[in-house]
Amino acid sequence: MLMPGVPMASLNRALCVAATRPRWSPACSLGLRPLTSGAVPTTEKSVPYQRTLKQAQVAQGPTRPLPSTANVVVIGGGSLGCQTLYHLAKLGVSGAVLLERERLTSGTTWHTAGLLWQLRPSDVEVELLAHTRRVVSRDLEEETGLHTGWIQNGGLFIASSRQRLDEYKRLMSLGKAYGVESHVLSPAETKALYPLMNVDDLYGTLYVPQDGTMDPAGTCTTLARAATARGAQVIENCPVTGIRVRTDDFGVRRVAAVETEHGSIQTPCVVNCAGVWAGAVGRMAGVKVPLVAMHHAYVVTERIEGIQVSDKFAFSLFDLDWDVFTQHIEGAINRVPVLEKTGVKSTVCGPESFTPDHKPLMGEAPELRGFFLGCGFNSAGMMLGGGCGQELAHWIVHGRPEKDMYGYDIRRFHHSLTDHRRWIRERSHESYAKNYSVVFPHDEPLAGRNMRRDPLHEELLARGCVFQERHGWERPGWFNPGGGTAPVLPYDYYGAYGHAAHEDHAYGRLLQDEYTFDFPPHHDVIKKECLACRGAAAVFNMSYFGKFYLVGLDARRAADWLFSADVSRPPGSTVYTCMLNQRGGTESDLTVSRLAPGTQASALAPAFEGDGYYLAVGGAAAQHNWSHISTVLQDHKFRCQLVDSSEDLGMISIQGPASRAILQEVLDADLSNEAFPFSTHKLVRAAGHLVRAMRLSFVGELGWELHIPGPSCVPVYQAVMAAGAKHGLVNAGYRAIDSLSIEKGYRHWHSDLRQDDSPLEAGLAFTCKLKSAIPFLGREALERQRAEGLRRRLVCFTVDEKVPMFGLEAIWRNGQVVGHIRRADFGFAIDKTLAYGYIRDPSGGPVSLDFVKSGDYVLERMGVTYPARAHLKSPFDPDNKRVKGLY
Ligand SMILES: Cc1cc2nc3c(=O)[nH]c(=O)nc-3n(C[C@H](O)[C@H](O)[C@H](O)COP(=O)(O)OP(=O)(O)OC[C@H]3O[C@@H](n4cnc5c(N)ncnc54)[C@H](O)[C@@H]3O)c2cc1C
C-alpha cells in the first residue's frame with residue numbers, strides 16, 4: 001500500500017507484504033507476482049473469516065429483474081462500485097444500477113486488510129481519504145443505523161531512516177493544514193505506546209490516532225443499503241457480457257447499452273469498477289485500461305497477547321508464495337519480536353490491480369463517450385473508495401469531478417502508452433516495487449523509459465543531459481558538467497525475475513544521490529544554469545511540448561468558447577491563455593498563435609479554410625489538453641479539426657539577455673522590439689531551415705521559441721549553439737525552468753494552477769476576457785466568484801533563511817494555519833526560497849488583498865517554522881522589463 005512501516009492496524013489483523021521491505025531493493029523483497037494464465041485460485045483455503053456476505057444465496061440468475069433502461073450502470077460490486085453507486089444516489093441520480101457478476105465484495109474487496117490512514121504526500125489524497133473516513137465512520141451509520149465495522153485503532157508509521165522520518169515530519173506539517181492530528185514520536189515514546197515493538201534501530205514513528213480499519217463486508221453492505229434506499233438498484237449474479245456502442249451524427253462513439261446473459265439495459269453511461277477484470281470489461285467497449293493484476297498478500301497470525309485479532313468471512317484466494325513472503329517475515333520479526341513465536345493462522349493472497357504510476361484510473365475514457373473508469377486502485381481501494389466514488393459521481397453528473405483529479409484521470413497517459421504492454425508491465429512493476437518508498441521531490445522512474453524521444457535526444461545526451469520522463473517523453477532535467485553521459489538503460493527489474501541487474505548505471509546513481517529532502521547535491525549545477533540564463537542566455541529543449549492545430553470553418557467560434565483570453569487577434573499574434581471548466585477551474589494554460597489561412601500544408605502550417613490557431617501546451621498534459629478540447633468540440637458540434645503535430649515538430653527556446661544577439665546570427669529576421677515584439681510569431685529561416693519563431697518567455701527573460709520540423713532540429717540547434725558560444729550560451733533543463741519560472745512568478749499547471757483553482761484565485765485575471773462580451777467556458781463561474789469575493793488566493797512567499805522547500809509546508813498567518821504550499825523552489829537570482837500557496841481567511845470570508853498584506857507569516861517545514869514574507873507581485877522583475885528586452 002502507500003505507506004512504509006507496519007501500521008498499528010495491520011499488526012492487529014495482518015502483516016502487509018511490502019510493509020517491511022527495505023528501501024534499497026524493491027523487487028527482491030516484493031510479495032509481488034504478476035498474475036499469469038497459469039495462476040489459478042486454490043480450491044481450499046484456510047482464511048480467517050467465518051461468514052460470508054450472503055452465505056445462503058445460491059441463486060444462479062440475477063437477484064432482481066433487470067430494468068430495460070438506466071441512467072448509469074455501474075459494473076462491479078466491490079469497494080469502488082458500491083461507493084460510486086452510493087454517491088450517485090446521493091447526488092440524486094435516479095435509476096442507477098449496479099451489476100455484479102457474483103456477489104458484492106467477491107472480487108478483491110472481501111479480502112482487503114482494510115487499513116485507512118489519513119496522511120499522504122498529496123493534498124488531494126488527504127482530502128479523498130478524509131471523505132472515505134467520514135463516510136464509513138459517520139455518514140453511513142447516520143443514514144442507515146448500521147455500523148460499518150469501522151475501528152479507529154490509530155496508525156503507527158515506522159521510520160528506519162532519517163529521510164523516512166523527514167517524510168513523516170512533512171506529512172505532520174501538511175496534516176495541520178487539514179486538521180489531521182498526528183505526532184512524530186521518538187523511539188522511547190513509540191515503545192511506550194506499543195511495547196511489543198523493537199525500537200532499537202528506529203529513527204522514530206509517526207502516530208496518527210484517528211486512522212483505523214474498515215470492514216469490507218460491513219462497508220459494502222451498508223453502502224448498498226443506503227444507495228437502494230435512495231432509489232438505486234443492486235443486481236448480483238449478473239455478469240456483464242458486452243457493451244453496445246453507437247456512433248452519433250457527429251461521428252462520435254457513445255455508450256448505448258450494457259449486455260448481460262439475462263438481457264440488456266439501455267444506458268448512456270457505464271462505470272467500469274470491475275477491479276482486476278476492468279481490462280476485460282474495457283475490451284468489450286474498445287477501451288484501453290492500463291493495469292496489471294498481481295498477487296498481493298498478507299498473513300494473519302494467531303492471537304498475540306495484548307493485541308485483539310478479529311475474524312472475518314471468506315470467498316476465494318491464491319496460495320501464498322512462501323519463498324517470496326519469507327523475506328518479509330524477517331523484517332517483521334525484527335520489528336515485533338513476539339511474531340517469531342506466533343503461529344500464522346492463515347494466509348490471504350488475492351489479486352489486486354496495479355497501474356503504471358501507482359495511481360487509480362478514473363474518468364471518461366478518451367475512446368468512448370459515456371464510458372467511465374473507476375479501477376486500478378493499487379492496494380488502496382478501500383481507503384480511497386469513498387473519496388473516489390464521490391468524485392466519480394460528480395464527474396458523471398456534472399461533467400467533471402469536484403477536486404483536482406488530474407493525477408487519477410485516465411487522460412494523464414498518452415494514448416500511445418495505454419496499450420503498450422512492455423511499458424505497462426515495467427512501470428506497474430516498478431511503481432508497486434516503490435510502493436512504500438519515501439516520495440522524494442526529484443525522483444524519476446527507471447522502468448518504461450525511452451518510449452518517446454525527440455530529434456535532439458542523442459545530441460543532448462552527448463552533452464551531459466540527465467533526462468526526466470514525462471508523458472513517455474524523455475525531456476532534459478539538467479546537464480551534468482564533466483560527468484560523462486548518463487543514458488537511461490533498459491529496465492532491469494532491479495535484478496528480479498532472472499534479469500541481470502545493471503552493474504554500472506550512471507543514471508541510476510545520479511538519481512540515488514537526489515534521494516534527500518535537503519538541497520540536492522546538484523543544487524549548484526542548477527544554479528549555474530539559472531544564473532547563465534539570467535546573465536547571458538540558456539537554450540532549453542522543449543520538444544516534448546504538445547503542438548496542435550485547431551483549424552476549420554468554426555475554429556474561431558471554438559477558440560472563443562474554449563480559451564479564457566481573446567485569442568482572435570490578427571494572424572501573427574500569440575496569446576497566453578487558460579482553458580477552464582464550467583466551474584471556472586483551470587483545465588490548462590497554453591499559448592495560442594493565430595495563423596493566416598493557407599493552401600499549402602506543412603508541419604509548420606496545415607492547409608485550412610476558415611480560421612486557424614497553433615496551440616503549444618506543456619508536454620506532460622498534452623493528452624489531457626487534447627481530450628478536453630475534443631470533448632468541447634464534440635459537445636458543441638463545432639465544425640473544425642484538431643490536428644496533432646507534436647511528433648512532427650521539435651522546439652527549442654533561447655532565453656536571456658544575449659538571446660537576441662545570438663539568434664540574430666541564426667535567423668533571417670529582424671529581431672528588434674519594433675519588428676518582432678513580445679507575444680508575436682513568424683515563419684523565418686534558421687540556418688536555412690524554415691521554422692516558426694515565437695517571442696515568448698516562461699522564465700521572465702528576453703527570448704524566442706523556435707518550433708522546428710523534426711529533420712531540421714539538429715542543424716538548427718547546432719547553429720544556435722555555435723552562435724551562442726561567444727555569448728556564454730549554456731544548455732539548461734527543466735530543473736532550471738522550475739526555479740526560473742517560480743522566481744518570476746509564472747504558474748505551473750497542475751501545481752500552483754489546477755483544475756480546482758480559478759484564474760482569479762491564481763492571480764491570472766489578465767488571461768480572462770471578462771471585459772469583453774464574448775461568452776467562454778467557465779465565464780459564469782468566474783463572474784459569480786468575482787461578485788462574491790475570492791475565498792482563497794495564491795500568494796507568493798519568500799523565506800530569507802536558506803532552507804529547501806518542495807511544497808506541502810503549512811502556512812501560518814498570525815498564529816493560525818491558513819493553507820499549505822503548493823509549489824516551492826530556490827530562486828537563485830534573488831537568492832531565496834520561494835513558495836506559492838493558496839490562503840483562506842479562517843473566518844470563512846473573502847480573502848482581500850489587505851488580508852494578504854496585513855498578516856505575519858511563517859511557513860512550517862517538517863515541524864519547524866520559518867518567517868516568510870508575502871508578496872502580491874513576483875519579487876523578481878515585478879515590472880516585467882526583462883521580457884521586453886529592457887535590461
Ligand atoms: C491482500 C490485500 C490487502 C489489501 N489491503 C488494503 C488496505 O489495507 N487498505 C486499502 O485501502 N486497500 C487494501 N487493498 C486493496 C483493496 O482491497 C482494493 O483496492 C479494492 O478492494 C478494490 O476494489 P474494486 O471495487 O476496485 O475491485 P473488486 O473488489 O475486485 O470489485 C470488482 C468487482 O467487479 C466484479 N466484476 C468483474 N467483472 C464483471 C462483469 N463482467 N460483470 C459484472 N461484475 C464484474 C467482480 O466480481 C468484483 O466483485 C488490499 C488488497 C489486497 C489484495
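Order of appearance sets the numbers: ligands from 1, and atoms from 1 within every ligand. Quick note: numbers below take in every heavy atom, side chains included, and nothing from hydrogens, waters or symmetry partners.
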Any heavy atom of Cys375 sitting closer than 4.0 Å to ligand 1?
-> no
Going by the order shown, which atoms of ligand 1 are within less than 4.0 Å of some heavy atom of His111?
-> 53 (C)
Which bit of Ile75 is near ligand 1, meaning a heavy atom under 4.0 Å away: side chain, backbone, both or neither?
-> side chain
Just going by heavy-atom distances, which of Glu100, Met382, Met284, Met214 is nearest to atom 48 (C) of ligand 1?
-> Glu100
Axial cation check for Trp117 ring with Arg133, 6.0 Å and 45° limits | no
Kindly check if the number of other-residue, nucleotide or ligand heavy atoms within 6.0 Å of CZ (Arg254) is above 12?
-> yes
Nearest candidate to atom 9 (N) of ligand 1, where distance is taken over non-hydrogen atoms, out of Asn378, Leu129, Leu115 | Leu115
Please confirm whether the backbone N or O of Ala232 pairs with a side-chain atom of Thr228, one donor and one acceptor, at under 3.5 Å?
-> no
Restricting to heavy atoms, the pick from Val240, Thr241, Thr109, Leu98 nearest atom 21 (O) of ligand 1 would be Thr109
Scanning both residues in full, the closest heavy-atom pair of Asn237 with Gly61 reads CB-O, 3.1 Å
Closest contact, heavy atoms only, Ala365 versus Val287 | CB-CG1, 3.5 Å
If you count the atoms of ligand 1 from 1 in the order shown, which ones are under 4.0 Å from a heavy atom of Met383?
-> 9 (N), 10 (C), 11 (O)
Hey, is Cys273 touching ligand 1 through its side chain, its backbone, both or neither, going by heavy atoms under 4.0 Å?
-> backbone
Where Glu352 and Val276 come nearest, the two heavy atoms and their spacing = C-CG1, 3.4 Å
Provide the closest heavy-atom pair for Phe354 versus Ser428 in the form atom of the first, atom of the second, distance.
-> O-OG, 3.6 Å
Which of the atoms in ligand 1, numbered in the order shown and given with their element, are less than 4.0 Å from a heavy-atom of Gly381?
-> 11 (O), 12 (N), 15 (C), 16 (C), 18 (C), 19 (O), 20 (C)
Which option out of Thr105, Val281, Val74, Thr108 puts a heavy atom nearest to atom 30 (O) of ligand 1?
-> Thr108
Quick one: sort the Tyr497 and His429 rings into parallel, tilted or perpendicular, breaks at 30° and 60°.
-> perpendicular
Please could you name the atoms of ligand 1 that Gly107 approaches to less than 4.0 Å, counting only its heavy atoms?
-> 30 (O), 48 (C), 49 (O)
Taking only heavy atoms of Leu99 into account, list the atoms of ligand 1 that are under 4.0 Å away from them.
-> 43 (C), 44 (N)
Please indicate whether any nitrogen or oxygen in Leu80 is less than 3.5 Å from any nitrogen or oxygen in ligand 1.
-> yes
Where the closest heavy atom to atom 17 (O) of ligand 1 is concerned, which of Ile243, Thr112, Thr84 has it?
-> Thr112
Numbering as shown, the atoms of ligand 1 that approach Phe377 to under 4.0 Å (heavy-atom distance) = 19 (O)
Numbering as shown, the atoms of ligand 1 that approach Ala380 to under 4.0 Å (heavy-atom distance) = 10 (C), 11 (O), 12 (N), 15 (C), 19 (O)
Does a side-chain N-to-carboxylate-O contact under 4.0 Å join Glu143 and Arg230?
-> yes
Is the shortest distance from a Lys or Arg side-chain nitrogen in Arg400 or Glu364 to a carboxylate oxygen in the other one below 4.0 Å?
-> no
Flag, side chain of Thr205 to backbone of Tyr207, donor-acceptor distance under 3.5 Å | no
Using a heavy-atom cut-off of under 4.0 Å, does the side chain or the backbone of Glu352 touch ligand 1, or both, or neither?
-> side chain
Does any N or O atom in Gly374 lie less than 3.5 angstrom from one in ligand 1, N or O only?
-> no
Would you mind listing which atoms of ligand 1 come within a distance below 4.0 Å of any non-hydrogen atom of Ser379?
-> 6 (C), 10 (C), 12 (N), 13 (C), 14 (N), 15 (C)
Let me know which of Lys359, Glu391, Lys403, Glu125 forms a side-chain hydrogen bond (donor to acceptor under 3.5 Å, both in side chains) with Tyr408.
-> Glu125
